[in-house]
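Just so you know, these numbers use all the heavy atoms, side chains as well, and skip hydrogens, waters and symmetry mates.
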Amino acid sequence: MATIKKSNKKKIIIPICIVLVIALVATTVLTISAKKKTVTVSLTTITAGDITENVNATGTVSAGASREYSPATVALCEDVYVKVGDTVKKGEKLADFSTEELDAQISSLQISYNDASASYYSALKTQRLNKKKLAAVNKKIKPLEKQLKKLEKARSTTTTTTTTTTTTETESESGESSSKNSSGSTKKAVSDITIPSTSDYAGDIEDAVKALKQLAETISALSDDITTTNEITRQVMKAISEMIAKGELSPEAISKAAGDAMSEAIQKGLIDETKLIVESGVAVQMVEEAVKAVNWAEIGTAIGNTDNAQLASIELQLAALYAQREVFELGADGTLVNSQKQIMRTTKSALDTLKKSQSELKAGWVSSIDGVVTECTLEKGQQTSALQTGLKVENLDDLVVTVSLNEYDIHKVSVGMRGEIKTAYGKYTGEIISIAPTATGSSSGSVLDSLGSNMAGISGLSSLTSSGAGVQCQVAVDGVDDNIIAGFDANVEIQTGSYTDVPTVPIESIVLEKEGTYVYLYNEAEGTVTKTKIETGAISDTAYEIKSGLKIGDKIVSTPGQDYTEDTFKVKVK
């Protein structure tokens with residue numbers, strides 16, 4: 001059988017063909033891609049021109065003068081003399097009212113205000129008095145604390161010396177201890193000797209502070225005179241200290257001694273009974289009962305166990321003064337006074353409002369301007385309400401357009417500037433008569449926020465920032481006729497500047513971005529355009545003044561595309 005030999009030429013030709021096809025496809029793709037990258041553009045040459053700068057905004061037409069009449073309370077409408085659409089003259093009667101129910105409300109509210117005022121001034125007087133008492137108590141506390149500290153220091157030194165001496169004596173007898181013990185003698189060791197401690201007494205005093213506070217409150221309530229209450233405190237505490245020093249711990253005996261001391265001080269004139277809020281006998285009885293409520297046995301025991309009665313007496317006086325101070329601090333706090341003051345002010349405000357309404361309603365409503373009645377909710381014989389509008393009179397012979405200007409446009413306008421007003425049925429001239437001192441509305445979400453601050457000064461953007469903050473500007477309309485109607489919108493154009501023979505760039509050639517204002521500048525030698533930042537000045541509806549970035553004679557792309565992805569690229573010029 002013959003053997004057929006396969007040819008290698010076929011194997012070589014096939015790969016070559018594949019390579020050629022791939023190369024051909026790649027060349028075609030590259031050629032098409034190259035053709036796609038070349039953008040065809042139209043160019044504009046920068047020249048000098050004139051710019052008239054305007055501010056444009058849309059506003060609402062309203063009456064130049066208007067007056068609203070609202071009852072602001074409940075009253076009986078006895079008569080109403082006008083209806084919607086009626087023309088009225090200044091001074092013409094609009095409505096009459098009966099104020100009997102309102103008079104009763106005012107009388108009741110006047111009583112409430114008088115009570116609130118009395119409570120406030122009483123609280124204020126008490127607060128001031130307690131501040132004085134607090135200052136007086138603090139003045140008495142300071143020297144006693146200083147004296148106490150000195151006595152405690154002296155006692156500490158004495159106690160240390162006594163302890164050392166006792167220890168030495170015990171040690172000297174220690175040699176005899178064993179022999180004497182052996183003979184049956186019983187001597188106490190140092191650890192068995194009890195030394196009085198002021199801490200025990202201090203603890204008892206601290207436990208009695210609540211009772212002493214009650215005593216201080218009782219004395220404080222007897223008089224509004226700080227000198228009187230201080231003298232009562234001094235006499236009572238002196239009597240108590242003397243009784244305890246004698247070892248007399250009976251609450252009945254101590255309270256009687258305190259009462260007797262107070263009565264004697266009144267008789268001697270040390271305590272001025274005319275300054276007492278209650279009868280002197282009642283005051284003495286109140287003090288005796290307050291003193292009797294204290295557990296003097298515990299305090300007396302503590303004083304009896306101490307070797308320094310003077311120290312104990314000072315501590316007792318300080319405890320009473322501390323209790324007094326706490327009472328006066330609470331009374332000097334301004335919380336109650338502020339609360340009473342707020343109640344008084346609120347009541348006064350409500351009373352003033354009702355009195356004003358009463359005065360207006362009693363006199364009846366009279367028109368304060370010439371105009372037309374545009375609202376009327378009153379009915380003869382019917383009750384009014386605080387939420388009722390009542391009447392509204394507007395002077396429709398004088399109309400204004402109120403516009404809101406953004407933070408960039410508002411700085412270009414001023415009172416007295418002229419403008420053009422356009423409505424659906426005609427054109428009018430006008431003049432700016434007022435500009436609000438502050439902006440109103442929220443500034444979030446405005447178009448200017450997305451464009452950036454480099455847009456400052458661009459005319460006509462007030463209409464783009466209706467959702468943002470704005471300053472209200474009123475433009476008076478000249479030559480009012482029947483074609484301009486209050487309540488409808490109108491467009492206002494205010495000329496703010498005129499510039500001649502300045503470099504200008506068409507508005508359609510500008511690219512606005514948050515970072516700035518750009519154009520695409522043509523390079524004739526390279527056949528390319530480059531994204532170029534510029535600074536603009538005055539602006540009209542068709543062109544921008546060029547401050548920097550371009551010069552006369554430069555060529556730029558007339559209308560840049562939105563799909564440019566490179567800052568510099570080849571172009572084909574039409």
Side-chain angles (χ1 to χ4, degrees), residues 37 39-46 49 51-59 403-413 436 438-473 491-494 496-497 499 502-523 526 528-552 554-571:
K37 285 185 178 179
V39 179
T40 301
V41 297
S42 296
L43 299 178
T44 294
T45 302
I46 301 301
I51 289 181
T52 299
E53 191 172 37
N54 299 314
V55 168
N56 296 281
T58 299
V403 297
S404 181
L405 302 182
N406 64 53
E407 59 185 305
Y408 305 113
D409 284 347
I410 192 61
H411 295 293
K412 298 178 183 179
V413 302
T438 59
T440 55
S442 171
S443 60
S444 61
S446 69
V447 174
L448 285 179
D449 290 338
S450 63
L451 293 177
S453 60
N454 287 305
M455 291 291 289
I458 295 179
S459 174
L461 285 182
S462 289
S463 60
L464 298 180
T465 57
S466 59
S467 64
V471 176
Q472 286 198 339
C473 175
N491 296 318
V492 178
E493 183 179 277
I494 303 167
T496 58
Y499 306 85
V502 294
T504 62
V505 57
I507 195 168
E508 64 269 13
S509 301
I510 294 292
V511 176
L512 299 175
E513 294 183 358
K514 189 171 184 179
E515 293 75 18
T517 306
Y518 299 88
V519 296
Y520 283 86
L521 180 61
Y522 178 63
N523 185 326
E526 301 291 337
T528 60
V529 293
T530 299
K531 185 178 181 182
T532 304
K533 189 174 185 179
I534 65 171
E535 181 185 357
T536 61
I539 303 163
S540 69
D541 292 337
T542 59
Y544 287 50
E545 178 192 7
I546 300 168
K547 289 289 190 180
S548 65
L550 290 175
K551 62 183 182 300
I552 293 175
D554 284 344
K555 294 181 179 181
I556 61 173
V557 176
S558 298
T559 309
Q562 300 295 320
D563 56 349
Y564 294 169
T565 58
E566 298 177 278
D567 288 346
T568 300
F569 51 90
K570 289 277 187 179
V571 295

Peer 1: Using side chain to side chain donor-acceptor pair (under 3.5 Å) as the criterion, list what pairs up with Thr45, not counting sequence neighbours.
Peer 2: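 Not a single residue meets the side chain to side chain donor-acceptor pair (under 3.5 Å) criterion with Thr45.
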
Peer 1: Determine yes or no for a side-chain-to-main-chain donor-acceptor pair under 3.5 angstrom, with Glu545 supplying the side chain and Ala538 the backbone.
Peer 2: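 Such a contact is found between Glu545 side chain and Ala538 backbone.
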
Peer 1: Which residues pass the ring-ring contact (aromatic ring centres under 6.0 Å, His included) test with Tyr564, not counting sequence neighbours?
Peer 2: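 Scan of Tyr564 (ring-ring contact (aromatic ring centres under 6.0 Å, His included), adjacent residues dropped) gives Tyr520, Phe569.
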
Peer 1: What residues form a side chain to side chain contact (heavy atoms under 4.5 Å, CB included) with Asn491, not counting sequence neighbours?
Peer 2: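 For Asn491, the residues satisfying side chain to side chain contact (heavy atoms under 4.5 Å, CB included) (neighbours in sequence not counted) are Thr58, Lys422.
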
Peer 1: Sequence neighbours left out, what passes side chain to side chain donor-acceptor pair (under 3.5 Å) with Thr568? Give chain and number order.
Peer 2: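 Thr530.
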
Peer 1: Do the side chain of Lys547 and the main chain of Ile534 share a donor and acceptor less than 3.5 angstrom apart?
Peer 2: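 No; judged by distance alone, with no hydrogens or angles, the pair does not exist.
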
Peer 1: Ile552: which residues meet the side chain to side chain contact (heavy atoms under 4.5 Å, CB included) condition with it, sequence neighbours left out?
Peer 2: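 Ile552: side chain to side chain contact (heavy atoms under 4.5 Å, CB included) contacts with Ala48, Pro503.
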
Peer 1: Restricting to salt bridge (charged side-chain N to carboxylate O under 4.0 Å, His left out), what partner residues turn up for Glu493, sequence neighbours left out?
Peer 2: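 Partners of Glu493 by the salt bridge (charged side-chain N to carboxylate O under 4.0 Å, His left out) criterion come out as none, since no residue qualifies.
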
Peer 1: Using the salt bridge (charged side-chain N to carboxylate O under 4.0 Å, His left out) criterion, which residues pair with Lys531? Sequence neighbours excluded.
Peer 2: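 Listed in chain order: Glu513.
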
Peer 1: With sequence neighbours left out, write down each residue that passes side chain to side chain donor-acceptor pair (under 3.5 Å) with Thr44, or none if nothing qualifies.
Peer 2: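 Once residues adjacent in sequence are excluded, the partners of Thr44 under the side chain to side chain donor-acceptor pair (under 3.5 Å) criterion are Ser558.
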
Peer 1: Among residues at least two apart in sequence or on other chains, which ones pass side chain to side chain contact (heavy atoms under 4.5 Å, CB included) with Thr565?
Peer 2: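 Here no residue qualifies.
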
Peer 1: Can you sort out the partners of Ser548 under side chain to side chain donor-acceptor pair (under 3.5 Å), two or more places apart, ordered by chain and number?
Peer 2: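 Side chain to side chain donor-acceptor pair (under 3.5 Å) check on Ser548 returns Glu535.
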
